[in-house]
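Below is one structure; the comments refer to it alone.
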Amino acid sequence: MKRDVEQERRAATSRNGVEVKRRGLALGFDAVGIATLEPNAHAAELDQWLDAGYAGTMTYLHRQAEKRKAPARIMPGARVAVVTLTNYFHGNAGSGVGRVAQYAWSADYHRVLGRRLERLATAIRETVPGAKTRCYVDAGPVPERELAQRAGLGWIGKNMMLIDPERGSFTFIGVVLTDAGLAPDPPFEADRCGSCRACLDACPTGAFAAPGVLDARRCISYLTIEHTAQFGDAERPLVGEWLFGCDVCQDVCPWNVKFARPTHDAELGVRPEIAEPDLAALLDGDPEAFQRRFGDTPFERPGVAGMRRNAAAVLANRDHPQP
Ligand code: B12
Ligand code: SF4
Ligand code: SF4
């Protein structure tokens, strides 16, 4: 009798897991998997990374470390993470002065995916009545790449990106934590980088201290988005022609070269004023004009002052290229 009850419980978690993933795909996510919330197997790597100072001024990463190492502590009662990937690839990037990373070419993904994740959370609560849910995209102490690997969605490459073997790495990760009983997927155990080291060799600033270890302080993405101070003489040349973010370690990855396909997601349409920005207007630094044009885009994070700094650096690098 007890065995029958246990078998029925298992069958229900399995059915509910399948149903939640089906609903996720129907909502427009490109891949959906379910991860357990056991302690992070790579907690030691996170500690070493933080101790080495590689987080730079991103002090929130130090504050969030304990929860990142034990994701079950993020939401009381949470049992699993429903993890989603959304392709944002737009095709080959231009090479003009003032380049912008592809993830930023559309409306701010935090808003687009935030809404979609809320709909997925509703689907979870409809599938398992009474379930509690919490949505995260690039926010909070959630170890998103680790959970995506654990949900079977891909492996973590030498460039630290989560690489989906069918889509490459130009994907956003979004997560719903829940206390619903949903059967987890097997983790993605293979490492398909093999002997390749294209990303490590191509990084224009030599930001990788070792395979899978990024010194964010040298990363153009950090310098142009997260770093709030003015650039020093050593930092300015590092950003080269990149106005916002950087895609080099993804552009050269053979898994992107072979498998990345442009997205047809209607909510992630390219906005030309971001993909091909007007550097002179950014230099002008008018806060109201900036808010009107970029208030709902990823440029909002560095803000008018940060984007003005970035535009000045790109123009200085164009006029005085480093040997
Ligand atoms: C801080 C941060 C940054 C920092 C630091 C980047 C870094 N490499 O850590 C900066 C500003 C530089 C940055 C840049 C970018 N970022 Co960012 N970033 C984050 C953020 C908020 C936290 C990441 C973090 O904790 N870093 C600290 C490191 C130590 O932790 P980790 O990356 O999780 O790494 C763990 C694993 O590597 C694991 N591990 C170590 N060894 C091994 C071995 C194996 C086998 C396994 C399985 C695991 C494993 O241990 C580590 C610690 O737990 C996440 C969102 C989130 N909440 O997770 C987005 C996130 C990682 N960023 C993202 C993106 C898109 C980018 C950029 C591509 C943007 C751009 N084009 O400019 C670049 C890519 C740079 C790069 N090559 O990593 C996406 C990545 C999506 C994906 N498919 O992987 C995320 C997930 C945001 C999102 N929701 O989509 N980012
Ligand atoms: S995003 Fe650019 S600067 Fe940062 S690690 Fe990758 S290639 Fe290097
Ligand atoms: S470029 Fe090569 S080493 Fe780097 S992440 Fe891609 S497959 Fe792995």
Side-chain angles (χ1 to χ4, degrees), residues 40-50 52 54-58 60-62 64-65 68-69 71 83-88 93 99-105 109-110 113 117 136-150 153-164 167-175 187-208 210-227 238-240 242 244-258 298 301:
N40 191 332
H42 298 279
E45 280 96 328
L46 178 59
D47 282 337
Q48 284 157 12
W49 190 82
L50 291 168
Y54 293 149
T57 55
M58 297 182 289
Y60 69 91
L61 291 172
H62 291 268
Q64 295 174 342
R68 272 174 198 274
K69 289 190 276 183
V83 189
T84 65
L85 297 185
T86 304
N87 174 27
Y88 65 82
R99 298 180 68 186
V100 175
Q102 297 212 22
Y103 88 86
W105 288 12
Y109 73 95
H110 300 94
L113 291 190
L117 286 169
Y136 295 91
V137 55
D138 194 35
V142 180
E144 294 179 340
R145 300 200 261 216
E146 184 87 22
L147 291 176
Q149 183 272 341
R150 220 185 268 180
L153 299 177
W155 78 99
I156 296 174
K158 289 179 192 170
N159 59 4
M160 292 187 89
M161 300 301 294
L162 186 281
I163 307 178
D164 170 338
R167 292 174 189 81
S169 66
F170 287 100
T171 58
F172 297 123
I173 303 175
V175 172
F188 195 101
E189 297 288 9
D191 169 359
R192 300 214 183 148
C193 284
S195 59
C196 174
R197 47 173 291 127
C199 53
L200 310 178
D201 295 338
C203 173
T205 64
F208 291 103
V213 182
L214 174 65
D215 182 349
R217 297 167 301 181
R218 290 189 68 80
C219 176
I220 294 167
S221 186
Y222 166 80
L223 289 168
T224 56
I225 304 172
E226 299 296 329
H227 185 62
L238 291 180
V239 306
W242 288 93
F244 185 93
C246 167
D247 281 334
V248 174
C249 59
Q250 298 195 84
D251 283 339
V252 298
C253 177
W255 292 88
N256 287 327
V257 174
K258 278 198 204 125
R301 185 156 175 91

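Ligands are counted one by one from 1 in listed order, and the atoms in each one are counted from 1 as well. The chain is numbered in sequence order, starting from 1. Treat the numbers as computed from the prediction; the structure is a model and nothing was measured.
- Of all atoms in ligand 2, numbered sequentially from 1 with element shown, those under 4.0 Å from a heavy atom of P204 are 7 (S).
- Looking only at heavy atoms of the protein, atom 7 (S) of ligand 3 is closest to W255 CD1, 3.6 Å.
- For C249, every heavy-atom contact with ligand 1 shorter than 4.0 Å involves the side chain, none the backbone.
- Each of the following atoms of ligand 1 lies closer than 4.0 Å to a heavy atom of L46: 29 (C), 52 (C).
- Within the 4.0 Å heavy-atom criterion, neither part of K69 lies near ligand 1.
- Contacts with ligand 1 closer than 4.0 Å are made by no heavy atom of W242, backbone or side chain.
- At a cut-off of 2.8 Å, C193 is not counted among the residues with an N, O or S atom near atom 2 (Fe) of ligand 3.
- At a heavy-atom distance under 4.0 Å, no atom of L85 approaches ligand 1.
- In R145, the part holding a heavy atom less than 4.0 Å from any atom of ligand 1 is the side chain.
- Put simply, part of F208 is less than 4.0 Å from ligand 2, judged by heavy atoms.
- Among the atoms of C203, none of the N, O or S atoms falls under 2.8 Å from atom 4 (Fe) of ligand 2.
- Contact between I163 and ligand 3 is present, with at least one heavy atom of the residue lying under 4.0 Å from the ligand.
- Note on ligand 1: R68 sits in its first shell, one or more heavy atoms being nearer than 4.0 Å.
- Protein heavy atoms all stay at least 4.0 Å away from atom 10 (C) of ligand 1.
- Of all atoms in ligand 1, numbered sequentially from 1 with element shown, those under 4.0 Å from a heavy atom of D247 are 71 (N).
- Short contacts between ligand 1 and Q149, defined as distances under 4.0 Å to a heavy atom of the residue, involve ligand atoms 47 (C).
- In this structure, atom 4 (Fe) of ligand 2 lies nearest to the protein heavy atom C219 SG, 2.4 Å.
- Taking each of F170, F244, Y88 in turn, the one with a heavy atom nearest to atom 65 (C) of ligand 1 proves to be Y88.
- The proximity of E226 to ligand 1, defined as any non-hydrogen pair under 4.0 Å, is limited to the side chain.
- Counting heavy atoms closer than 4.0 Å to ligand 1, residue C199 contributes nothing at all.
- Counting heavy atoms closer than 4.0 Å to ligand 1, residue I220 contributes nothing at all.
- Taking only non-hydrogen atoms, the option from D251, I156, N159 nearest to atom 5 (S) of ligand 3 is N159.
- Of all the heavy atoms of Q250, the ones lying under 4.0 Å from any atom of ligand 1 belong exclusively to the side chain.
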